[in-house]
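In what follows, a structure is listed as structure tokens, so that the remarks can point back to it.
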Amino acid sequence: MREALLGTSELNQICFVVHDIEKAAEAFATLLGIEKPNWFLTGTRGVSQIVYNGVPTDARNKLIFINTPSVQIELIEPDLEPSTMRDFLNKQEGIHHVAFNTDDMKKQLALLGQHGYGVIQTGEFTASKGRYAYVDSVPDLKTMVELLERDEPQPIPPVKPRGESDPQPLLGTDTVTQIAFVVRDLDAAAEAYCTLLGVEKPAVLKEGPSEVTQVVYRGEPTEAKARFLFIKTPLIEIELIEPRDSPSTWKEHLETKGEGVHHISFLVKNMDEKIALLEEKGYPVIQKGNFWNGKGRYAYMDTTSDYHVIIELLEKFDA
């Protein structure tokens, strides 16, 4: 087992940067079956002490934290002052970073710096005691990494059991099981992630036979050639995808948006029912097919209009 650059392999937060946090909160409340959460405003410079690219800034954000059975989902609407979130939002909405807790921020930042991950932005928490740092990991990891150091233990509280009268998750589950990245060089991205997380490199897979996978992309059959690798972390699985020369949503993403987050996944039952439900809400199927080994199936739904990321439905035949 390698030593993790982060000191942990537990990815515990996925953060979306959005233009309209009220709209995003409503959308995620529907998806996860919760009451619409309220945002709060981060502190002034004296409280937040934000330094972006080495320069203090007055940046403030509207924030929402949503706890799920796996990772925490963070929503951020930045103001117009300089910050990594504002720069990101000037280009796109979507997943800005993934986060990890650390017990020793100074040590981990020094270690990350030795591996070429410089600090982009630092600051102090507003609602509790602690601090954060974003490191420049996008070239290697295809997303930004945030370190969180808390002065007091702040375990994410367990999600309360639902009653029959409580709101229900749209997909029958509120557990995000996977975050997936499209990459140009699977081996290079895998090496970066395995070094960061301190894990051995898993086996690389490729598409299965067409008669097994039966992939349909935008209404047309395709081989959807690609290489895949799955890294299991304590709360969520990380998938890396290197598309090859046949049509697929992964190839389309790489050609139109470049490397980066492609989708998040939910493991569902009665997939046909869930597909119909999402289609009724205006989220069409982009691509669907069977697993490479025929032991399940998937469907990518175009949910980017409201969630700023594709949602993948997974159904295992032996579940």
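What you see is a predicted model, and the numbers here were worked out from it, not measured in a lab.
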Decide, yes or no, whether a salt bridge links [X] with [Y] under the criterion of side-chain N to carboxylate O below 4.0 Å.
| X | Y | value |
| --- | --- | --- |
| Asp272 | Lys288 | no |
| Asp174 | Arg162 | yes |
| Asp79 | Arg60 | no |

Derivation and outcome, side-chain hydrogen bond (donor to acceptor under 3.5 Å, both in side chains), residues Tyr217 and Glu252: CA-CA 10 Å; Tyr217 163 63; Glu252 176 187 304; 2.3 Å; yes

With Ile34 as reference, evaluate Asp166, Thr68, Ile66, Asn67 under the side chain to side chain contact (heavy atoms under 4.5 Å, CB included) test and give the passing residue. Ile66

Check Asn101, Leu147, Val135 against Leu6 for a side chain to side chain contact (heavy atoms under 4.5 Å, CB included) and give me the one that passes. Leu147

With rounding to the nearest 0.5 angstrom, report the [atom1] to [atom2] distance, [X] to [Y].
| X | Y | atom1 | atom2 | answer |
| --- | --- | --- | --- | --- |
| Arg244 | Glu207 | CZ | CD | 5.0 Å |
| Ile275 | Tyr300 | CD1 | OH | 12.5 Å |
| Ile50 | Arg45 | CD1 | CZ | 9.5 Å |
| Arg218 | Thr249 | CZ | OG1 | 6.5 Å |
| Cys194 | Asp187 | SG | CG | 10.5 Å |

Parallel, tilted or perpendicular for Tyr134 and His96, by the 30°/60° rule? perpendicular

Once the angle between the rings of Phe228 and Trp250 is folded into 0 to 90°, is it parallel (under 30°), tilted (30 to 60°) or perpendicular (over 60°)? perpendicular

Ignoring hydrogens and angles, tell me if any N or O in the side chain of [X] forms a donor-acceptor pair with the backbone of [Y] under 3.5 Å.
| X | Y | value |
| --- | --- | --- |
| His253 | Gly258 | yes |
| Glu77 | Asn61 | no |
| Ser248 | Ala226 | no |
| Thr213 | Gly289 | no |
| Lys274 | Lys269 | yes |

Do [X] and [Y] have side-chain atoms, one donor and one acceptor, less than 3.5 Å apart?
| X | Y | value |
| --- | --- | --- |
| Thr195 | His115 | no |
| Tyr52 | Glu81 | no |
| Asp140 | Tyr193 | no |
| Glu223 | Ser246 | no |
| Glu124 | Gln49 | no |
| Asn290 | Tyr298 | no |
| Trp39 | Glu22 | yes |
| His263 | Gln178 | yes |

Centres of the Phe28 and Phe16 rings: under 6.0 Å? yes

Set of residues satisfying side chain to side chain donor-acceptor pair (under 3.5 Å) with respect to Asp302, sequence neighbours excluded: Thr304

Just checking Asp103: does its CG atom have more than 12 heavy atoms from other residues, nucleotides or ligands closer to it than 6.0 angstrom? no

Run the numbers on His262 and Phe181 for ring-ring contact (aromatic ring centres under 6.0 Å, His included), then give the verdict. CA-CA 5 Å; His262 178 263; Phe181 301 85; over 10 Å; no

